[in-house]
Every structure is written in C-alpha cells, then in structure tokens.
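Single-structure report; data block below.
Whatever order the structure lists ligands and atoms in, that order sets their numbers, starting from 1.
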Amino acid sequence: MKKIEAIIKPFKLDEVRESLSELGVNGLTVTEVKGFGRQKGHTELYRGAEYVVDFLPKVKIELVLADDLVDRAIESITNAARTGKIGDGKIFVFPVEQVVRIRTGETGESAV
Ligand SMILES: Nc1ncnc2c1ncn2[C@@H]1O[C@H](COP(=O)(O)OP(=O)(O)OP(=O)(O)O)[C@@H](O)[C@H]1O
C-alpha cells in the first residue's frame, strides 16, 4: 500500500476528486494548507488576483491505496490538476505499513 499526498490548486479539488472516484478510490482526506514551491517571490494568479506573498493557499489531498492503483491515481491527479501555469502543485508518494478499518477490525488492503 502507498499513501499519495497531492498539493493542488484549491479550485481543482472537485475535478481531482471526480477523477479519483472514477478510479474506484474508496476515501480521501482533504486539508486547506499554505505553501510555496520553486517560484517563491514570483507572482501567482489565485482567483483572478496576483499574489506576491510567500505562502499561497493550496489544498492537500491524502489517500491511501493498493500498490496497483498508484500509477493510475497519479495520472488522474496530474491530468485533473494541471493548468500549465506555475503553482500547479506536487505529488508525493510514501510507503504505508498498515491500515486498520476501525469499525470492522479489517486490516491491510481490504481495510483501505
Ligand atoms: N519540496 C516540497 N516539499 C513540500 N511541499 C512542497 C514542495 N514543493 C512544493 N510543495 C507544496 O506544493 C505547492 C505547489 O508547489 P508548486 O507547484 O508551486 O511547485 P513548483 O516546484 O514551484 O512548481 P511550478 O514550477 O509548477 O510552480 C506549494 O505551495 C507547497 O505547498
């Protein structure tokens, strides 16, 4: 199992969620975050306004999924989140040791 953390532009959240649902992803966690990438100090467009601030609002999506879904999930997120402009975001992938579904006590891939 792997955990994908994707930092995306907030207005792309619905599109990304829909593309992941089509893949059969069972759940995900979303957090409003702030951050910067390589373009720090440069302006970036956010909701029509230009920002020169250090930290821009982003959305972090976290999802844990079976190994065989990871490549397709990365492709879906990339296609849905890309505008081609700076600040489109980044995807990080981590190994996951264990998952426990609290209600049923299931563990491993069947708990994801
Ligand atoms: N190395 C990193 N570690 C942790 N978070 C990061 C890292 N790089 C980017 N992020 C997060 O991802 C968000 C989007 O990054 P961003 O797309 O601006 O990266 P970039 O490398 O500057 O790419 P681009 O050239 O497309 O703008 C940042 O606001 C930050 O929250």
Side-chain angles (χ1 to χ4, degrees):
M1 292 169 291
K2 298 277 192 296
K3 177 180 179 186
I4 293 180
E5 265 188 34
I7 317 285
I8 62 167
K9 290 183 168 169
F11 79 98
K12 284 290 191 178
L13 176 59
D14 285 346
E15 226 173 300
V16 169
R17 185 183 51 89
E18 275 162 31
S19 71
L20 288 171
S21 297
E22 282 165 21
L23 258 191
V25 162
N26 287 329
L28 53 82
T29 303
V30 173
T31 317
E32 289 178 6
V33 295
K34 289 183 175 180
F36 65 84
R38 295 178 199 203
Q39 317 288 339
K40 59 184 174 221
H42 291 232
T43 56
E44 185 179 325
L45 274 179
Y46 174 69
R47 291 193 171 160
E50 277 205 340
Y51 283 72
V52 205
V53 292
D54 285 343
F55 296 103
L56 284 165
K58 300 285 174 186
V59 163
K60 179 169 77 174
I61 297 170
E62 296 172 77
L63 65 152
V64 172
L65 68 188
D67 286 352
D68 60 0
L69 275 178
V70 171
D71 288 346
R72 277 178 284 163
I74 290 172
E75 197 184 341
S76 290
I77 296 168
T78 305
N79 289 339
R82 183 187 288 130
T83 67
K85 306 257 168 52
I86 64 170
D88 271 355
K90 241 165 227 188
I91 299 172
F92 305 99
V93 182
F94 308 83
V96 170
E97 279 191 16
Q98 182 60 292
V99 177
V100 178
R101 189 176 178 194
I102 292 175
R103 181 172 62 83
T104 60
E106 285 164 279
T107 58
E109 278 193 16
S110 61
V112 166

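Considering every non-hydrogen atom in both V59 and P10, the closest pair reads CG2-CA, 3.7 Å.
Between I86 and ligand 1, no pair of N/O atoms sits closer than 3.5 Å. Between K85 and ligand 1, no pair of N/O atoms sits closer than 3.5 Å. Ligand 1 has no N or O atom lying under 3.5 Å from any N or O atom of K58, backbone or side chain. Where the criterion is an N or O separation shorter than 3.5 Å, residue side chain and backbone included, G35 meets it with respect to ligand 1.
Distances below 4.0 Å separate heavy atoms of G87 from the following atoms of ligand 1: 16 (P), 17 (O), 18 (O), 24 (P), 26 (O), 27 (O). Shown in contact with F92 at under 4.0 Å from a heavy atom are these atoms of ligand 1, numbered in order with element: 2 (C), 3 (N), 4 (C), 5 (N), 6 (C), 7 (C).
Ligand 1 has at least one atom lying under 4.0 Å from a heavy atom of D88. Residue F55 places every heavy atom at 4.0 Å or more from ligand 1.
Sorted pairs that involve residues 16-37 and meet side-chain hydrogen bond (donor to acceptor under 3.5 Å, both in side chains), not counting sequence neighbours, are lacking altogether.
Panel note: side chain Q98, backbone G108; a donor-acceptor pair is recorded below 3.5 Å.
The side chain to side chain contact (heavy atoms under 4.5 Å, CB included) test applied to F94 returns K3, E5, F92, not counting sequence neighbours.
The shortest side-chain heavy-atom distance between T83 and K12 falls under the 4.5 Å cut-off.
Selection from G89, A81, P57, G84 by nearest heavy atom to atom 15 (O) of ligand 1 gives G89.
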### Message
If you apply the rule side-chain contact (heavy atoms from CB on, under 4.5 Å), what do you find for V93 with I74, and how did you get there?
### Response
CA-CA 9 Å; V93 182; I74 290 172; 3.8 Å; yes
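Each of V99, V25, L69, L63 was checked for a side chain to side chain contact (heavy atoms under 4.5 Å, CB included) with V112, and the lone residue meeting it is V99.
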